[in-house]
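To start, the structure itself, in structure tokens.
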Amino acid sequence: MPFYEELEDRGLVAQSTHPEELRRRLAAGRVTLYTGFDPTADSLHVGHLIPIMGLARAQRAGHRPIALMGGGTALVGDPSGRSEMRRMLTPETIAANIQGFRRQLGGFLDFSEGAALLVNNGDWLGKLNYLEMLRDIGSHFSVNRMLTAECFKARLEQGLSFLEFNYMILQAYDFLELYRVHGCALQLGGDDQWSNMLAGTELIRRVAGADAFVLTYPLLTTSDGRKMGKTEKGAVWLDANKTSPYEYYQYWRNVPDDRVRVCLASFTFLLMDEVRRLTAQAGEELNAAKEVLAYEATMLLHGAAAATAARTAARAAFSGAGAAATLPATEIAAASYPEGLSLIELLCLSGLAPSNREARRLVAGGGIYINGERVENGEAVVSPEKLRAGIELRKGKKVHHRLIAR
RNA sequence: GGGGAGAUACCCAAGCGGCCAAAGGGGGCAGACUGUAAAUCUGCUGUGUUUUCACUUCACAGGUUCGAAUCCUGUUCUCCCCA
């Protein structure tokens, strides 16, 4: 199925420019297309997954994807994190982040022999000369028109710095640069980027006299309208050291019923017929579909072995079959605790509670179990013998953790 | 450049000398109910192994006071109006 049709079938098209012509172009032959990523953290997270999968789908459909690293824009701060202070990252940090991104993207995209490209806008934005920029690019932008853009409307009431105002222009310039150097004709991105992306097509039309296209993905939200990809621990990372394969599996295993279909469509390569079949059932039957979602998503990121292990561990943990050796585990040195450890200490050591106080709160609330039995007294001491044998700690219904002394 | 308003915990937002670790809402966590779902109800939600006690916190640095999130001075930042 051609790329555009596939995205449509999966419900991944929020808006696009000249849909019919774009559809034709994408069906007619190889198109070079891109999505930008801001290297503001040392790992990508679940929120990046739709665009990443989008590039991967494009490549599978025979197109050439470009992953644009916003190394230049990250240097001056990220305006989208509006509530927090704009972080100004050091060049070293940004370079390291880009390396991390490249590694992670390599699992989804084939970068060999120019089948996909990874570029950094720092390479060209850093060389720009202000006066030339004003003359060649700035003259093509109407401030009046920019101000009518949806993305600035809210900011006009909250306050908008010149820097933030310029993001649209920088992003448009990126598109133009990619068009000139790589013949890139399509930008993909989240629907919140629509106006910024449109600015790029207009700039290309004015400067190069050519048509370029943009296509946006719908913003995925939870059923109550919040952004997906967050848990109590914050973002769900693609880096296995930040979010373990088991946690990653569980994240997908636990998506709300009404998101299962859209998640399968967005985050797996399963054919839509299969997705529709899996989600035809309602109620408890959907659990099977959630398992498929969790397995597929984990496999794509961490490989089949890790996905199988996560599934096995999860099934064991939730069937009450006792502590599976595959659960997330903490090892402690037996010699350091000759007296044993109190439950409170165990919770902190295992990371189930961030502080003693929080550990007490959980125990007081009846949410802590050792080997499946609720423990009411946080001061209860677990003997060194038991620790050596290994215990299964559980927080609430879903968070299982194994702790063993060596 | 001039004038005005403001900065409170994860977010929004009350408080304007003691009864403030700080109302309310959201979010989050836990309990009940369930299907590892949703909705609903309940509890908790700065830190501390002295837990009707102690310590740290209301932009930052000082000051007044027996006592400050609240008053004063300076600094930084944000917004609004005028130029």
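Note that the coordinates shown come from a computational prediction; the quantities given were computed from them, not determined experimentally. All heavy atoms count here, side chains included; hydrogens, waters and symmetry mates do not. Protein chains get the first letters and strands the later ones, always in sequence-line order, with residue 1 at the start of each.
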G-U wobble or Watson-Crick pairing nucleotide for [N] (cut-off 3.5 Å, both distances):
N	result
B:G6	B:C77
B:G1	B:C82
B:C58	none

Expressed in whole Å, how much space separates the [atom1] atoms belonging to [N] and [M]?
N	M	atom1	result
B:U73	B:U65	P	16 Å
B:C55	B:A7	C1'	25 Å
B:U57	B:C20	C1'	12 Å
B:C10	B:U76	P	26 Å
B:G35	B:G27	P	25 Å
B:G4	B:C11	P	30 Å
B:A54	B:A69	P	16 Å
B:C71	B:C58	P	15 Å

Do [X] and [Y] meet the criterion of a side-chain donor-acceptor pair at a distance under 3.5 Å?
X	Y	value
A:Q193	A:Q187	no
A:N371	A:E392	no
A:N121	A:D174	yes
A:Y295	A:R311	no
A:H401	A:T330	yes
A:Y4	A:S16	yes

Give one of base, sugar-phosphate or nothing for [X], where a contact means two heavy atoms less than 4.0 Å apart.
X	result
A:G378	nothing
A:R394	nothing
A:N254	base
A:E285	nothing

Length of the [atom1]-[atom2] vector between [X] and [N], whole Å:
X	N	atom1	atom2	answer
A:Q281	B:A38	CD	P	20 Å
A:R360	B:A30	CZ	P	19 Å
A:R361	B:G28	CZ	P	13 Å
A:D258	B:A37	CG	C1'	9 Å
A:N356	B:U45	CG	C1'	16 Å
A:K290	B:U34	NZ	P	17 Å
A:K395	B:U36	NZ	P	18 Å
A:R315	B:U36	CZ	C1'	13 Å

Worksheet item: So does A:Y369 get a side-chain nitrogen or oxygen closer than 4.0 Å to the phosphate oxygens (OP1/OP2) of B:G31?
Response: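 Yes, within the criterion.
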
Worksheet item: Is the shortest side-chain N/O distance from A:S355 to OP1 or OP2 of B:G46 below 4.0 Å?
Response: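 Answer no for this pair, as no side-chain N or O of A:S355 is under 4.0 Å from OP1 or OP2.
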
Discussion item. Does anything in residues 130-139 of chain A form a side-chain hydrogen bond (donor to acceptor under 3.5 Å, both in side chains)? List the pairs, not counting sequence neighbours.
Written reply: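 For residues 130-139 of chain A: none.
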
Discussion item. Please pick, from B:A32, B:U36, B:U49, the nucleotide with the shortest atom-to-atom distance to any side-chain atom of A:R374.
Written reply: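 From the listed options, B:A32 comes nearest.
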
Discussion item. The side chain of A:N287 is closest to which nucleotide in this list: B:G35, B:G43, B:A38?
Written reply: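 Minimum distance to the A:N287 side chain belongs to B:G35.
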
Worksheet entry | Residue mapping more 5' on RNA chain B - nearest nucleotide basis, A:K398 or A:I344 |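 Its nucleotide being nearer the 5' end, the pick is A:K398.
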
